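Structure, as structure tokens:
Given the structure is predicted, the values throughout are model-derived calculations rather than measurements. Heavy-atom basis, side chains included; hydrogens, waters and symmetry copies ignored.
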Amino acid sequence: MVIAVSAVYSITWFPVLIIYMLNYFHASQEYGNITYIIGIVIVTFNSCVNPFVYVFVNERFRSHIKRLFELPFQRQNRIQLEQRMATERAESGSSQQQRQAFEVTAVAD
């Protein structure tokens with residue numbers, strides 16, 4: 001993930017850094033001309049692209065974004081499903097404990 005974000009950062013900032021360097025050595029470069037404006041737009045594009053890079057690269061970030069944009073009825077359904085699964089796990093855990101206790105008593109007899 002760090003490599004992808006760094007690559008996008010480098011690609012988007014490279015043109016502006018070249019413009020700055022050219023302006024340092026040759027004062028003929030103006031900050032209001034079209035190349036400078038395009039460079040600034042590309043740098044701004046970096047900030048817009050970062051969330052998409054994170055979504056494509058990081059599974060955890062993707063799941064949080066999905067949860068953020070859930071509709072209310074989807075969220076309610078997910079919560080009910082999680083509660084149902086938790087109760088089923090608790091019930092199956094207690095039945096497993098009962099089964100293990102029965103097996104222990106059966107073996108002891």
Side-chain angles (χ1 to χ4, degrees):
M1 178 174 70
V2 174
I3 293 172
V5 173
S6 298
V8 170
Y9 179 84
S10 300
I11 290 168
T12 56
W13 273 91
F14 189 71
V16 172
L17 294 176
I18 294 297
I19 290 171
Y20 290 154
M21 188 175 66
L22 288 175
N23 191 37
Y24 181 77
F25 292 114
H26 302 286
S28 63
Q29 180 70 27
E30 295 179 17
Y31 285 117
N33 66 5
I34 190 72
T35 56
Y36 179 74
I37 293 172
I38 290 173
I40 294 300
V41 167
I42 292 172
V43 167
T44 307
F45 181 71
N46 175 46
S47 298
C48 299
V49 169
N50 275 340
F52 296 104
V53 172
Y54 288 128
V55 164
F56 287 123
V57 175
N58 192 339
E59 176 66 35
R60 196 169 118 196
F61 187 83
R62 188 178 319 135
S63 68
H64 286 289
I65 291 293
K66 285 179 183 178
R67 285 183 131 180
L68 180 67
F69 290 110
E70 279 182 344
L71 296 175
F73 68 88
Q74 289 175 326
R75 184 173 298 125
Q76 186 64 27
N77 288 343
R78 182 179 46 81
I79 291 170
Q80 289 173 354
L81 180 64
E82 288 174 356
Q83 289 173 346
R84 191 176 324 130
M85 289 174 60
T87 56
E88 287 175 0
R89 269 188 253 129
E91 290 172 358
S92 67
S94 64
S95 65
Q96 286 177 352
Q97 290 172 352
Q98 291 172 354
R99 199 172 329 129
Q100 289 172 351
F102 177 74
E103 290 172 0
V104 169
T105 55
V107 171
D109 292 335

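If you chain together hydrophobic residues whose side chains sit under 4.5 Å apart, Val57 and Leu68 fall into the same group. Val5 and Phe52 are members of different hydrophobic clusters when ILVMFWY side chains are connected at heavy-atom separations under 4.5 Å. Residues Val8 and Ile65 fall within the same hydrophobic cluster, defined by Ile, Leu, Val, Met, Phe, Trp and Tyr side chains chained together at heavy-atom separations under 4.5 Å. Neither Val49 nor Val2 shares a network with the other; the hydrophobic side chains, linked directly or stepwise wherever heavy atoms of I, L, V, M, F, W or Y lie under 4.5 Å apart, form separate groups for each. Using a 4.5 Å cut-off between side-chain heavy atoms of Ile, Leu, Val, Met, Phe, Trp and Tyr, with links allowed through other members, Phe69 and Val53 fall into the same hydrophobic cluster.
Shortest non-hydrogen contact noted between Ser47 and Pro51 is O-CD, 3.5 Å. Across Ile19 and Thr35, no two heavy atoms sit closer than the pair CD1-O, 3.4 Å.
We find the CD-NE2 distance between Glu59 and His64 to be 10.0 Å, quoted to the nearest 0.5 Å. To the nearest 0.5 Å, atom OG of residue Ser6 and atom CD1 of residue Ile11 are 11.0 Å apart.
Grouped by direct or indirect side-chain proximity (heavy atoms under 4.5 Å, Ile/Leu/Val/Met/Phe/Trp/Tyr only), Ile42 sits with Ile34, Ile38.
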Start with the C-alpha gap between Tyr36 and Tyr20, add the side-chain angles, then the distance that decides, and say whether side-chain contact (heavy atoms from CB on, under 4.5 Å) holds.
CA-CA 9 Å; Tyr36 179 74; Tyr20 290 154; 3.8 Å; yes
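Listed by chain and number, the residues in a side-chain contact (heavy atoms from CB on, under 4.5 Å) with Tyr9 are Trp13, Asn46 (sequence neighbours excluded). With sequence neighbours excluded, no residue forms a ring pair (Phe, Tyr, Trp, His ring centres under 6.0 Å) with Phe45.
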